[in-house]
Amino acid sequence: MVVDARALADGTVLRAQVCVIGAGAAGITLARELSSRGLDVLLLESGGFQRDEATSALYEGVVEGADYPSLTQSRVRFFGGSTNHWAGFCRPLDRVDLERRPGIALSGWPFDLDSLQPYYERARPICGVSTLANDWRLFNERFETGEALIDDAAVRTRLTQISQRRHFGPQYRDDLVTEPRVEVCLWANAVRLALAKDGGHIVGVDCATLNGRRFRAEARHYVLATGGLEVPRLLLASNDVQPEGIGNGNDLVGRTFMEHLTLTGGALTLGRGADTLGLYYPPGPQIEEVIPERGPTAVRILAMLSLGRELIRREELLNTGIQVLPAEFLPLFDSSEMPGRVQALARWVDGTPTSVLGFVRLVGEQEPNPNSRVRLIGERDALGMRRIALDWQFTRRDRESLLRTMQYFALELGRRGLGRAQVAASGFVPDRLDEIGPLADRGALDFKLGMGSHHMGTARMHASPRQGVVNADCRVHGVANLYVAGSAVFPTGGSAPPTLTIVALALRLAEHLATRAARAQAVPGRWKNKSEA
Ligand SMILES: Cc1cc2nc3c(=O)[nH]c(=O)nc-3n(C[C@H](O)[C@H](O)[C@H](O)COP(=O)(O)OP(=O)(O)OC[C@H]3O[C@@H](n4cnc5c(N)ncnc54)[C@H](O)[C@@H]3O)c2cc1C
């Protein structure tokens with residue numbers, strides 16, 4: 001059922017067992033999964049089914065710190081959220097990403113990769129990619145998609161699957177609209193989470209529309225699924241009971257904002273023909289598979305390299321994806337110095353028939369840094385809510401890790417006699433290229449970094465409220481019935497694009513809420529259904 005919030009009478013109260021705020025990848029997944037488990041859901045969405053200028057303007061904010069696109073460009077505010085624009089790249093996190101890593105402060109998820117695997121399996125078809133795990137061998141066996149260039153303990157090949165039917169809005173709109181257990185409330189902006197006087201639970205969500213209506217949503221449980229920048233905004237803006245904002249007793253909300261760092265890492269020459277690199281070169285092989293609930297679905301796959309887990313841990317590196325691209329892609333990226341270097345590199349290779357010239361594109365993890373953050377500013381939007389400033393910061397380790405990953409990759413390539421690579425990070429060449437190891441005393445590492453519109457870490461997950469905003473169940477510490485879905489909860493970001501993990505975590509959260517509901521139902525009066533709530 002769909003409700004247009006603009007037509008509600010002032011003071012209306014909408015009720016359900018679970019109120020999900022935000023209909024992006026996380027919110028849509030939660031609403032579908034919770035309803036399939038028998039729970040009544042109210043899905044509040046700021047926009048309609050199409051983009052709308054005034055609604056999009058609610059996302060405006062200020063960019064401070066490192067260069068970043070405007071906050072309306074890097075996210076989308078209508079039904080389907082940023083999946084209305086995303087590129088559909090899906091890859092699970094690596095095992096090392098969830099581990100507590102030596103030298104990386106604040107690293108470590110409260111569970112390991114094995115605990116996420118069952119949810120990744122279910123998340124893949126939801127995102128429109130193959131049910132096969134992202135392992136090149138499985139695809140090669142079944143679809144003859146090609147062999148890996150390298151895949152061993154030091155340098156690994158990982159597949160990214162690229163969804164071709166990826167926009168969650170059009171894909172799942174009909175499911176939700178016709179599902180009797182779901183009420184989709186469009187044009188409904190959550191402007192305040194109403195916290196009980198004792199701070200222990202949420203009693204309602206105050207909502208507003210751009211045509212001036214004010215109403216409330218009430219539920220047994222609330223899930224904030226408004227994206228990595230808007231989650232901290234709502235938590236911080238809901239400050240009438242706790243002046244520092246909800247879940248912010250330890251000043252963690254909005255901090256440790258992380259992105260994926262993108263750059264050209266250097267030039268490359270390989271002693272193999274381009275015809276053997278089909279797995280790595282865009283657009284990558286296309287396969288077709290019958291996917292549960294979606295039917296025959298075309299999916300592209302694309303391989304990326306990364307350093308092995310032991311090397312990453314031993315060298316205290318951040319995890320970085322290493323993409324091998326043919327030279328003709330270079331003009332697409334910002335690296336004016338590269339063509340000359342590629343040519344020079346080709347001349348260095350002795351005795352190897354250098355049939356492929358190319359370059360490396362890196363996608364780097366950022367270390368969690370409390371100074372990289374989202375905060376509220378004085379300026380207000382059309383609904384009276386304070387806007388945010390994004391102060392994106394890099395650390396020296398962020399940059400150094402990219403250079404050292406590229407160095408190790410070059411070394412491993414040469415050792416195997418596969419080719420040569422030269423570090424030139426967006427044109428920046430460190431002094432002593434031949435020396436592998438920490439670059440600590442070598443002066444400024446000044447090179448340009450791009451990003452992926454991936455907003456992570458602003459309500460991080462940790463078992464302790466001193467180190468995390470939410471616990472391992474994604475529940476806000478200290479608040480019995482408030483949860484967060486989305487990449488805001490990622491304690492670290494790895495190098496994989498976030499949405500497959502967002503969907504996996506949403507499925508995990510739905511299971512948790514359904515279990516809580518079932519337990520509560522066993523106690524009379526503790527969990528009412530929609531008509532009784
Ligand atoms: C250009 C681009 C390319 C991308 N490519 C990829 C990719 O290839 N792979 C990948 O994994 N990721 C990619 N991403 C990121 C991906 O889109 C996000 O990770 C994903 O959409 C996040 O899902 P979400 O549900 O957490 O948040 P969102 O998609 O941001 O959804 C949040 C929803 O909440 C609603 N909302 C916000 N505030 C309120 C409020 N106050 N009240 C009610 N509703 C509200 C919004 O309208 C929106 O519908 C890309 C992003 C962009 C912009």
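Ligands are counted one by one from 1 in listed order, and the atoms in each one are counted from 1 as well.
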* Locate the shortest heavy-atom distance separating Ala217 from Leu44; write the atom from each residue and the value. => CB-CD1, 4.0 Å
Within 45 degrees of the axis of the six-membered ring of [Y] and under 6.0 Å from its centre: does [X] put its NZ or CZ there?
X	Y	result
Arg373	Phe257	no
Arg173	Phe79	no
Arg460	Phe490	no
Arg508	Phe111	yes

Is there any N or O on [X] that sits under 3.5 Å from an N or O of ligand 1?
X	answer
Glu45	yes
Ser74	no
Ser46	yes
Gly88	yes
Ala26	yes
Ala25	yes
Leu500	no
Ser487	no
Val76	no
Ile21	no

Closest non-hydrogen protein atom to [atom], residue and atom name please, with distance?
atom	answer
atom 3 (C) of ligand 1	Trp86 CA, 3.4 Å
atom 19 (O) of ligand 1	Thr499 OG1, 3.0 Å
atom 52 (C) of ligand 1	Ser453 CB, 3.6 Å
atom 27 (O) of ligand 1	Gly227 CA, 3.6 Å
atom 46 (C) of ligand 1	Tyr59 OH, 3.4 Å
atom 8 (O) of ligand 1	Phe89 N, 2.9 Å

Ligand 1-proximal atoms of [X], by part, heavy-atom distance under 4.0 Å:
X	answer
Cys207	neither
Ile502	side chain
Phe168	neither
Cys90	neither
Ala23	backbone

Number the atoms of ligand 1 from 1 as they appear, then name those within less than 4.0 Å of a heavy atom of [X], with their elements.
X	answer
Glu230	38 (N)
His85	1 (C), 2 (C), 3 (C)
Phe78	47 (O), 49 (O)
Asn189	42 (N)
Gly24	25 (O), 29 (O), 31 (O), 33 (C), 49 (O)
Thr83	17 (O), 21 (O)
Pro498	10 (C), 11 (O), 12 (N), 19 (O)
His454	6 (C), 12 (N), 13 (C), 14 (N), 15 (C)

* Asked: For the atom pair CG (Leu317) and CD1 (Ile104), what is the distance rounded to the nearest 0.5 Å?
  -> 7.5 Å
* Salt-bridge criterion met for Asp40 and Arg181 (N-O under 4.0 Å) -> yes
Side-chain donor-acceptor pair under 3.5 Å between [X] and [Y], yes or no?
X	Y	answer
Asp52	Gln50	no
Ser495	Arg91	yes
Glu230	Tyr59	no
Gln161	Asn134	yes
Ser372	Asn369	no
Asn189	Arg77	yes
Tyr119	Thr501	no
Gln366	Asp398	yes

* Would you indicate whether Asp114, at its atom CG, is surrounded by more than 12 heavy atoms from other residues, nucleotides or ligands within a distance under 6.0 Å? => yes
